[in-house]
Amino acid sequence: ALIFSRIMPQVAELQRGLLQLAQASGAYEDILGVITKCEAAAEPAPALHRLPRQARRGSIRLDAVVVSYTPDRPVLQGVDLDIPSGQTTALVGPSGAGKTTVTDVVLGLLRPERGRVLVDGVPLSDHDLAGWRSRVAVVPQDPYLFTETIAANLRWASPQATDKDLWVALREAAADAFVAALPAGLDTMVGDRGIRLSGGERQRIALARALLRRPTLIVLDEPTSALDTQTEQLVRATLARLHGRHTVLIVAHRLSTARDADQIVVLDAGRVVESGPWTALASDGESRLACLIRAGTLDAPARAPAHPAGEVPSGPPRS
């Protein structure tokens, strides 16, 4: 009886351990399956081959690109698109037209099932992706800022950047004035996701972070969608200064953003239905762009607020 009383707690503990192991085995097998799929889909390690040194202008061509998320529903259906070097190209179209998919293909995040992506005439093969991504910068519609200082958030793009480099990037993004006015300047804590900054300030910090990389290509997902009119003018002026220095690709939802582009590319159902300058497309009453404008698919700029500086009040972004 004494031996039994001593052994039973150990047996019970062993039973509980076996039960926990049995319960976790299914999840463990699922995790192993996910790891296996990720390893199979991983990009190959960068080889010594890179885009040629002379391929630095950033002209891009999509040649009959086909992309599908499911076998029977292609998202891009034979897209032919030229993105000229040093110019601004705006992608417009209804929701689901394939604008985001085009940017993912250009960035090398998606590989076409058929067709090619050429950068300065050089095919963007798997071996080139690491080098290509080091030359591009992305500013999302809802930029993410870490709970850190402004300087630390900027240095995510270039850890070796000096304070002088940071101020140059801020000036190019029309953000140097408000940062200099902050009590701690570059050492100002932005709070969780940048909650201590207004929407316009967050957007310009994200743009400065992108410019700090000195990229060949800048991809912007509607950079003025969350801004008031006055702040939008500042960002548009910044984008105008980039003309000729960078190749810019914009996913545009606003009339003002699309109007400023050198080339408007209208997508619908995964196809390029028309492209050209704003004046030519908008003045043609039968063009697809004119139809989108009449239907209200392209938003008009927001009205100017009553705040003196033209900024959204500091605090969490409005829904």
Side-chain angles (χ1 to χ4, degrees), residues 56 58 88 103 107 109 130-228 230-243 245-251 257 305 307-318:
R56 294 293 177 181
T88 298
T103 61
L107 294 172
L109 300 177
W132 171 236
R133 290 183 189 138
S134 69
R135 294 164 47 197
V136 302
V138 181
V139 180
Q141 186 172 353
D142 183 18
Y144 188 93
L145 297 183
F146 296 93
T147 312
E148 260 290 1
T149 64
I150 291 176
N153 273 281
L154 292 174
R155 286 195 172 99
W156 274 93
S158 179
Q160 294 79 28
T162 64
D163 284 358
K164 181 180 179 180
D165 296 331
L166 302 186
W167 283 113
V168 169
L170 289 169
R171 184 164 56 254
E172 291 177 345
D176 57 324
F178 86 80
V179 173
L182 295 171
L186 288 173
D187 295 325
T188 300
M189 295 292 294
V190 301
D192 184 26
R193 295 180 62 90
I195 196 171
R196 295 181 179 177
L197 303 177
S198 70
E201 290 167 348
R202 287 194 296 270
Q203 194 74 31
R204 282 180 281 167
I205 291 295
L207 183 55
R209 181 167 57 189
L211 295 174
L212 194 61
R213 292 172 61 87
R214 299 293 172 228
T216 301
L217 170 69
I218 301 178
V219 177
L220 304 106
D221 187 356
E222 187 46 77
T224 63
S225 63
L227 307 183
D228 57 77
Q230 295 183 27
T231 308
E232 179 188 1
Q233 294 297 329
L234 291 173
V235 174
R236 288 174 60 192
T238 299
L239 297 179
R241 289 196 296 270
L242 301 179
H243 191 272
R245 297 165 47 196
H246 303 275
T247 304
V248 180
L249 179 62
I250 301 179
V251 176
T257 308
H307 307 291
E311 290 286 0
V312 180
S314 295
R318 303 181 198 178

Indicate yes or no: at least one non-hydrogen side-chain atom of Asp221 is less than 4.5 angstrom from one of Thr103. no
How long is the span from the CZ atom in Phe178 to the CG atom in Leu197, to the nearest 0.5 Å? 5.5 Å
Would Ile250 and Thr88 count as a side-chain contact (heavy atoms from CB on, under 4.5 Å) if you check the C-alpha gap in whole Å, the side-chain angles of each, and the deciding distance to 0.1 Å? CA-CA 7 Å; Ile250 301 179; Thr88 298; 3.8 Å; yes
Does any N or O in the side chain of Asn153 come within less than 3.5 Å of the main-chain N or O of Phe146, such that one atom is a donor and the other an acceptor? yes
Looking at CD1 of Ile218 and CG of Leu207, how far apart are the two atoms once the value is rounded to the nearest 0.5 Å? 6.5 Å
Could you pull out the closest heavy-atom pair between Arg214 and His246, with the gap in Å? C-CE1, 4.4 Å
May I ask you to decide if Arg155's main-chain N or O and Ser158's side chain share a donor-acceptor pair within less than 3.5 Å? no
Supply the atom-to-atom distance Trp156 CH2 to Leu154 CG, rounded to the nearest 0.5 angstrom. 13.0 Å
Who pairs with Ala152 by side chain to side chain contact (heavy atoms under 4.5 Å, CB included), at least two apart in sequence or on another chain? Glu148, Thr149
Between Leu170 and Leu186, is there a side-chain heavy-atom distance shorter than 4.5 Å? yes
Would you mind reporting whether Val179 and Ile205 have side-chain heavy atoms less than 4.5 Å apart? yes
Going from CZ on Arg196 to CG on Leu145, what distance comes out if it is rounded to the nearest 0.5 angstrom? 13.0 Å
dist Arg135:CZ -> Arg213:CZ (nearest 0.5 Å) comes out at 11.5 Å
What's the shortest heavy-atom distance between Arg202 and Arg193, and which atoms? CD-O, 3.5 Å
Within the 4.5 Å heavy-atom criterion, are Leu212 and Arg209 side-chain neighbours or not? no
Please name the residue in the list Asp163, Val168, Thr162 that meets the side-chain contact (heavy atoms from CB on, under 4.5 Å) test with Leu166. Asp163
Got a second to check how far Asp165's CG is from Leu211's CG, nearest 0.5 Å? 12.5 Å
Is it true that a side-chain atom of Arg204 and a backbone atom of Ala174 form a donor plus acceptor pair closer than 3.5 Å? yes
